[in-house]
Amino acid sequence: MAGSTGGTGSSSSSPVPPAPKILLAKPGLVTTGPVVGKFGRGGAEDETVPHRSRLPAIGSLNLLSDSWEFYIDRFLPFLTENADFTVIGVIGSPGVGKSTIMNELYGFDAGSPGMLPPFSVQSEDNRAMARHCSVGIEPRISAERLILLDTQPVFSPSVLAEMMRPDGSSTISVLSGENLSAELAHELMAIQLGVLLASICHILLLVSDGVHDDNMWRLMLTVDLLKHGIPDPSSHLQSSTGGPERENKDKLFEGEEYMATPVFVHTKLQDQNVTPLNLVQMRKALAQYFSSSSFIRGRWGNMRKENFFSSTASSTSNDFHAMPLNLFLIPSKNKDDLPRAQHESYNSALWKLRDEVLSMNCPSFARTFSERDWLKNSAKIWEQVKSSAVIAEYSRTLQNSGMFRR
């Protein structure tokens, strides 16, 4: 998993390499003028400036901005030539607890006075106004060289409202050279974000609200379908030598395509739904739902399909690794914070999720490369995602279906 702070960077004449930078909390924003409104884009925004040309706010380290452009210059100084690192991304609907989970993975202690969380969580005011607090992709990196990527919510009404013109068209150029309706562009943004994270992360958390929300299941199945031809970031490394690196390159294009390890998380569950029996049933349903997906075929190709659902495959809740996909159930947080009779507490479920995720054996990229090269090549992967012919064809299919306005 995450590597040590010593790293494996390139050698230099300096006897003591500089200590890696650690990004804990969001930097303070430096504002020199009116702040752009987060919802509705009222009078604070200069309407003469096209939405798609806006840069991230001063002080922001976002890799992906709200104009759907990839920026690396501000986050690059926090990365080193260390090649022992782990990338974990998250995707989910509004208010499901994505940032809270990422703060837990970082190891943030909310009880420490005066410490800001690495990722800001949704406030009661934002929740009441149906506003989102994360924009694009917000990165953080820990001392253990754990790169965490928090993302703006998918299927979000507030994101849709911000990108919709009065005539219903999108202010954001999602596909190169195509004008789309805001609804269709909003749908494609979720797919593009999922494809990018599945390509550049080692582990991808898919967070859903409650026990019956299957939006992330459907999104991951669509991502698996449309990711064809999108490699991992190491494929962009220049190599003039043969040997193992050449074999890795050949393996990348001739073998199965790279896919981050998916981890499905259902949050805000009622206590009666957080039972060992319900967990077993949901794992079986998840395995059956993704039985034809690439990440099942690639890692469990020799297992017969009926074995996914046999009673011996997961007869007990303690046999966590018996099922081919990772599923976690997080109960609703007890507001009064008092102990009560329940199968598992909110805090213990979060701790278990953190321990399991950080100890996972996730797939490696095709080649070994540094944190800095990962970031630079991730920008190239994003360009491939935006220009993907497969996603463009899927967009035309959706448009011709009549589900979205033209």
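This is a predicted model, so every value here is computed, not measured.
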Q. Does a side chain donor of either Glu69 or Ser67 reach within less than 3.5 Å of an acceptor in the other side chain?
A.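 Looking only at side-chain atoms, Ser67 and Glu69 do not form any donor-acceptor pair under 3.5 Å.
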
Q | Side-chain donor-acceptor pair present, Asn347, Ser345, cut-off under 3.5 Å | A |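 Not at all, the side chains of Asn347 and Ser345 share no donor-acceptor pair under 3.5 Å.
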
Q) Can the ring centroids of Phe264 and Phe290 be said to lie less than 6.0 angstrom from one another? A)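 Distance test on ring centres: under 6.0 Å, yes.
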
If every non-hydrogen atom of [X] is compared with every non-hydrogen atom of [Y], which pair is closest and at what distance?
X: Arg145; Y: Asp84; answer: CB-O, 3.8 Å
X: Lys227; Y: Glu257; answer: O-OE1, 3.5 Å
X: Leu149; Y: Pro139; answer: CD2-CB, 3.8 Å
X: Ala260; Y: Ile203; answer: CB-N, 4.3 Å
X: Ser65; Y: Val135; answer: C-CG1, 4.4 Å
X: Leu146; Y: Ile88; answer: CD1-CD1, 3.7 Å

Q: Look at the aromatic rings of His266 and Trp217 and report parallel, tilted or perpendicular, splitting at 30° and 60°.
A: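 Judged by the thresholds at 30° and 60°, the geometry between His266 and Trp217 is perpendicular.
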
Q. Parallel, tilted or perpendicular for His202 and Phe85, by the 30°/60° rule?
A.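 Taking Phe85 first and then His202, their aromatic rings stand perpendicular (interplane angle over 60°).
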
Do [X] and [Y] come within less than 4.5 Å of each other through their side chains, counting heavy atoms only?
X: Met259; Y: Leu204; value: no
X: Met102; Y: Pro118; value: no
X: Phe328; Y: Ile101; value: no
X: Met216; Y: Val96; value: no

Q) Would you call Lys352 and Glu104 a salt bridge, using N to O less than 4.0 angstrom? A)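 Glu104 and Lys352: not salt-bridged.
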
Q. Is the closest basic N to carboxylate O distance between Lys380 and Glu383 below 4.0 Å?
A.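 Answer for the salt bridge query: no.
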
(Q) Per the salt bridge (Lys or Arg N to Asp or Glu O under 4.0 Å) rule, what does the pair list look like for residues 201-218, sequence neighbours excluded? (A)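 Those involving residues 201-218 are Asp214-Arg218.
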
Q) Rounded to the nearest 0.5 Å, what separation is found between the CZ atom of Phe369 and the CG atom of Asn82? A)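 Interatomic distance, Phe369 CZ to Asn82 CG, rounded to 0.5 Å: 11.5 Å.
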
Q: For Arg372 and Thr80, indicate whether the former's side chain and the latter's backbone hold a donor-acceptor pair under 3.5 Å.
A: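 Flag not set: sc Arg372 to bb Thr80 has no pair under 3.5 Å.
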
